[in-house]
Structures are given as C-alpha cells and as structure tokens.
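As structure tokens, the structure follows; a few thoughts come after it.
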Amino acid sequence: MSNLTDQSTRSYTLTPDEATATAELTLDLAATYASFEDAHLLRDLPRLATRLPLGVQRFLRDFKLGDRHGHVVVRGHEFDQRRIGPTPEHWRGRPRPGGEFPEELLLMLYSALLGEPFGWATQQDGHLVHDIFPIRQHENDQLGMGSKELLTWHTEDAFHPYRSDYLILGALRNPDRVPTTIGELELASLSEEDIDILFEPRFHIAPDESHLPKNNTITSEEQAARFATIQKMIDERPLGPLLYGSRQDPYMRLDPYFTSVPEDDADARRAYDALCKVVDAGMREVVADQGDVLFIDNHRAVHGRLPFQARYDGTDRWLKRVCVTVDLRRSRPMRATAETRLLG
C-alpha cells in the first residue's frame, strides 16, 4: 500500500463561522423534527440543505458534476462529544434518535446535495443512517464492525444492481486515527485484452455478510421474506462485469473477498488478478478525524479499513454512514417487492 495520506485528498475546511452555523443548523433541525420517521423531514431535506454554507455546497456540487475524483473530505465540523456520548457496544437495540441525531441530520443534509439517502431493509434493520464501530463478536469479520482484521477494499454493496452512487462517512470520533483506505482505477496499467474481458459478465460477487439474516433482527415472516432476494443471489450465482460505463473512463464494482471466477475461465482469472494488482498499487490512506466527513464516489473508488486494536470502553472509533442514490426510479421494481426501504 502506498503511503499517500490526507495531503493527496481534495478537501474543504469549514471556517470557524461556517462550523458554528452548521452545528446550530443541525441542532435546530433536531429540535424541529422528531426522527427520520417524520415524512416532513424527508420531504424537506433538499430545501433544508440550502441552509448549509454556500462554500461547501459548491464544493460538493463540483465533486458530483466533475465525475473525476473518487473521494473528497469536508473537515472542521463541531461534533459535541459530551452530547454524543460513549461509543456504543452494538447498533442493535439503541434508542433512536440518540444523542448524535444532529450529526446524523448533517449527513442527511449532505446526501440531499448529491441525491437521495436510502437504507437497505436487509442491513442494520433498515435504518437510514448506519453505525460503524467495533463490536467484539465481529472483531475478525469482514464487516465495518470488525477491528482486528484488515477490511479488504471493496465497492459498497458491489453485488447489488442498485448499490449506492455515493457513500458518506462522518467521523463522530477517531482517537486512534484509524485510516480508511481508498483506491481508484489506473486504466493505463491494464492491457486492452484484459479491459475487454472485465467489461464482460464473467464474474460473480456474493452478498457480504451484513445483508444476511444472522446480522439483522427478524421477528416476523414479512421481515424474513426481505432476505429472499439476497439468498437468491447466493444460490444462483449470477455473473456480471467488473467494469462498466465508458470504455475510455470506466466505472468499477469490486469486492475481492466475495468475488469468484469460474474455474474454467483462465482469461477471466488473469484479467481479474491484473485488475486487483492495479488497484492494490494505488491504494492510499485517508484519516477521517473527529469532525471530518468523507464522501466516496461508489463507482470510481473502493474503500476499506486498516486493522486496529479496539478497547470496547466507549472511546473507540465511531463513524456514521449514509448511502446515496442519484435516481430512485432505477430501484422501483425491486422496491415494489419490499426488499429495499428507499425514500420516495
């Protein structure tokens, strides 16, 4: 892994006045709206997002329209540690909204500048804003809740046709400065033949374990049925491409830990190995410190996390995550089957 760090990341740092105004805005909204179940909040998000500092609005608009950078960071937010409270032991069973509701609202406002926030019915019980912190029982797992093992770089929900267009990660705290790893594609390092193969449906990506029933709460047959499509993807093993879009400037969907290549397809294996080698060579470390918000283009960049030693004492790294789609209409057929809980 290269030693490129935050210096290579495009960023916007809030001025003290902008940080104060943003904190006051989210506190005001937390007092106005009861929770994310409030339909008025979800309807009002685009209008409310215009109250964010103009500089950051323009910065994120440039990020979206430019379609060139895989990630950017907005720094300098005021996250009240006393109000937020200690890092929880588990996301399940927590009161919602919690003390960090204003920070969750901030990420939702940012999501409205890029598209529409959404949550999976098959992930963290359908919540719109996800928690990422170490959980003891998952410390060796390929999950955001892990800690001891390297979280292999990946496209978020790479297996799914309606995966996020953008991913937003807000650092409530990160006292050990645990890096997020980020990688983008250097197309010139791949042969023309391998590029052709990577555009063909010759690869299987399985659902990651965060979407499995064992990592969610199921109390009814209706909730159990939501996982039917996930299980179908596991059983039928559909093949798809790893590169898509423009041949000269492609997007990618990658998740090596959950990817398989048919045993009789040596050319696909060669192209896949070459692609992984190229992405590996370009990986960099981005530290999201307390008050930083990291934005990832889920078509252009993969991300992961370095291993770290969790303490489980209420002071561990705690991020918030929001998935963003730019077009809710894409998922309408699947929403009709109640697999996804999308806003619309």
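Please read all numbers here as calculations on a predicted model, not as lab measurements.
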Within the distance-only criterion (no hydrogens, no angle test), does the side chain of [X] pair as donor or acceptor with the backbone N or O of [Y] below 3.5 angstrom?
| X | Y | result |
| --- | --- | --- |
| Asn174 | Ala288 | yes |
| Arg253 | Ala158 | yes |
| Asp313 | Thr315 | yes |
| Thr87 | Asp316 | yes |
| His204 | Pro238 | yes |
| Lys64 | Leu114 | yes |

Considering only distance and modelled atom types, tabulate donor-acceptor pairs under 3.5 Å from the side chains of residues 254-264, sequence neighbours left out.
unit_1 : atom_1 : unit_2 : atom_2 : d
Thr259 : OG1    : Asp255 : O      : 2.6
Ser260 : OG     : Arg237 : NH2    : 2.6

Show, in sequence, the C-alpha distance, side-chain angles and deciding distance for Asp273 and Arg269, and conclude whether the salt bridge (charged side-chain N to carboxylate O under 4.0 Å, His left out) test is met.
CA-CA 6 Å; Asp273 289 344; Arg269 167 54 64 180; 3.2 Å; yes
Looking at [Y] and [X], is there a salt bridge between them, counting it only when a charged N and a carboxylate O are closer than 4.0 Å?
| X | Y | result |
| --- | --- | --- |
| Glu100 | Arg83 | no |
| Arg94 | Asp131 | yes |
| Glu149 | Arg305 | no |
| Asp289 | Arg173 | no |
| Arg300 | Glu184 | no |
| Asp280 | Lys277 | no |
| Asp44 | Arg47 | yes |

To the nearest 0.5 Å, what is the distance between [atom1] on [X] and [atom2] on [Y]?
| X | Y | atom1 | atom2 | value |
| --- | --- | --- | --- | --- |
| Met252 | His299 | CE | NE2 | 11.5 Å |
| Thr32 | Asp28 | OG1 | CG | 4.5 Å |
| Leu107 | Leu319 | CG | CG | 10.0 Å |
| Leu54 | Gln57 | CG | CD | 5.5 Å |
| Asp67 | Leu65 | CG | CG | 9.0 Å |
| Ile296 | Thr180 | CD1 | OG1 | 6.5 Å |

Honestly curious: do [X] and [Y] fall in one hydrophobic cluster under the side-chain, below-4.5 Å linking rule?
| X | Y | value |
| --- | --- | --- |
| Leu27 | Leu48 | no |
| Phe63 | Tyr251 | no |
| Tyr244 | Ile197 | no |
| Val279 | Leu198 | yes |
| Val293 | Val178 | no |

Can you give me the closest heavy-atom contact between [X] and [Y], atom names plus distance?
| X | Y | result |
| --- | --- | --- |
| Val278 | Ser189 | CG2-CB, 3.6 Å |
| Met145 | Phe133 | SD-O, 2.9 Å |
| Gly144 | Leu151 | CA-CD2, 4.4 Å |
| Leu294 | Val73 | CD1-CG2, 3.6 Å |
| Leu172 | Gln290 | O-CG, 3.3 Å |
| Phe118 | Arg163 | CZ-C, 4.4 Å |

Could you tell me if the side chain of [Y] sits less than 4.5 Å from the side chain of [X], heavy atoms only?
| X | Y | result |
| --- | --- | --- |
| Arg10 | Val72 | yes |
| Trp318 | Pro86 | no |
| Leu185 | Pro250 | yes |
| Trp91 | Ile135 | yes |
| Val74 | Asp292 | no |
| Asp194 | Asp196 | no |
| Val129 | Met108 | yes |
| Pro117 | Leu128 | no |

Look at the aromatic rings of [X] and [Y] and report parallel, tilted or perpendicular, splitting at 30° and 60°.
| X | Y | answer |
| --- | --- | --- |
| Phe203 | Tyr272 | tilted |
| Phe79 | His77 | parallel |
| Tyr12 | Phe59 | tilted |

Please evaluate residues Leu167 and His303 with respect to the criterion side chain to side chain contact (heavy atoms under 4.5 Å, CB included), reporting the C-alpha separation (whole Å), side-chain torsions for both, the decisive distance (0.1 Å), and the verdict.
CA-CA 10 Å; Leu167 196 66; His303 68 285; 3.4 Å; yes
Let me see the working for Asp157 and Phe159 under side chain to side chain contact (heavy atoms under 4.5 Å, CB included), right down to the final yes or no.
CA-CA 5 Å; Asp157 303 313; Phe159 70 94; 4.0 Å; yes
Looking only at the aromatic ring of each residue, does the gap between the centers of Tyr110 and Phe295 stay below 6.0 angstrom?
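So the answer is yes for these two rings.
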Flag the pair Phe101 / Tyr33 as yes when their ring centroid distance falls below 6.0 Å, and as no otherwise.
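Ring centres of Tyr33 and Phe101 not closer than 6.0 Å.
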Determine, step by step, whether His71 and Asp297 satisfy the side chain to side chain contact (heavy atoms under 4.5 Å, CB included) criterion, reporting the C-alpha distance in whole Å, the side-chain angles of both residues, the deciding distance to 0.1 Å, and the verdict.
CA-CA 6 Å; His71 70 289; Asp297 184 329; over 6 Å; no
Ignoring hydrogens and geometry beyond distance, is a side-chain donor-acceptor pair present between Glu78 and Thr20 at under 3.5 Å?
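A pair is found: one side chain offers a donor N or O, the other an acceptor, under 3.5 Å apart.
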Does the side chain of Asp17 come under 3.5 Å of the side chain of Thr15 through a donor N or O and an acceptor N or O?
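There is no such pair between these side chains.
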For Ile195 and Arg247, what are the C-alpha separation, side-chain angles and deciding distance, and is it a side chain to side chain contact (heavy atoms under 4.5 Å, CB included)?
CA-CA 8 Å; Ile195 293 172; Arg247 180 65 168 66; 3.2 Å; yes
Going by the rule side-chain hydrogen bond (donor to acceptor under 3.5 Å, both in side chains), which residues pair with Arg68 if we only count those two or more places apart in sequence or in a different chain?
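For Arg68, the residues satisfying side-chain hydrogen bond (donor to acceptor under 3.5 Å, both in side chains) (neighbours in sequence not counted) are Asp249.
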Worked check of salt bridge (charged side-chain N to carboxylate O under 4.0 Å, His left out) between Arg96 and Glu37:
CA-CA 10 Å; Arg96 294 178 186 267; Glu37 301 300 323; over 6 Å; no
CZ of Arg311: more than 12 outside heavy atoms within 6.0 angstrom?
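Atom CZ in Arg311 is packed in, count exceeds 12.
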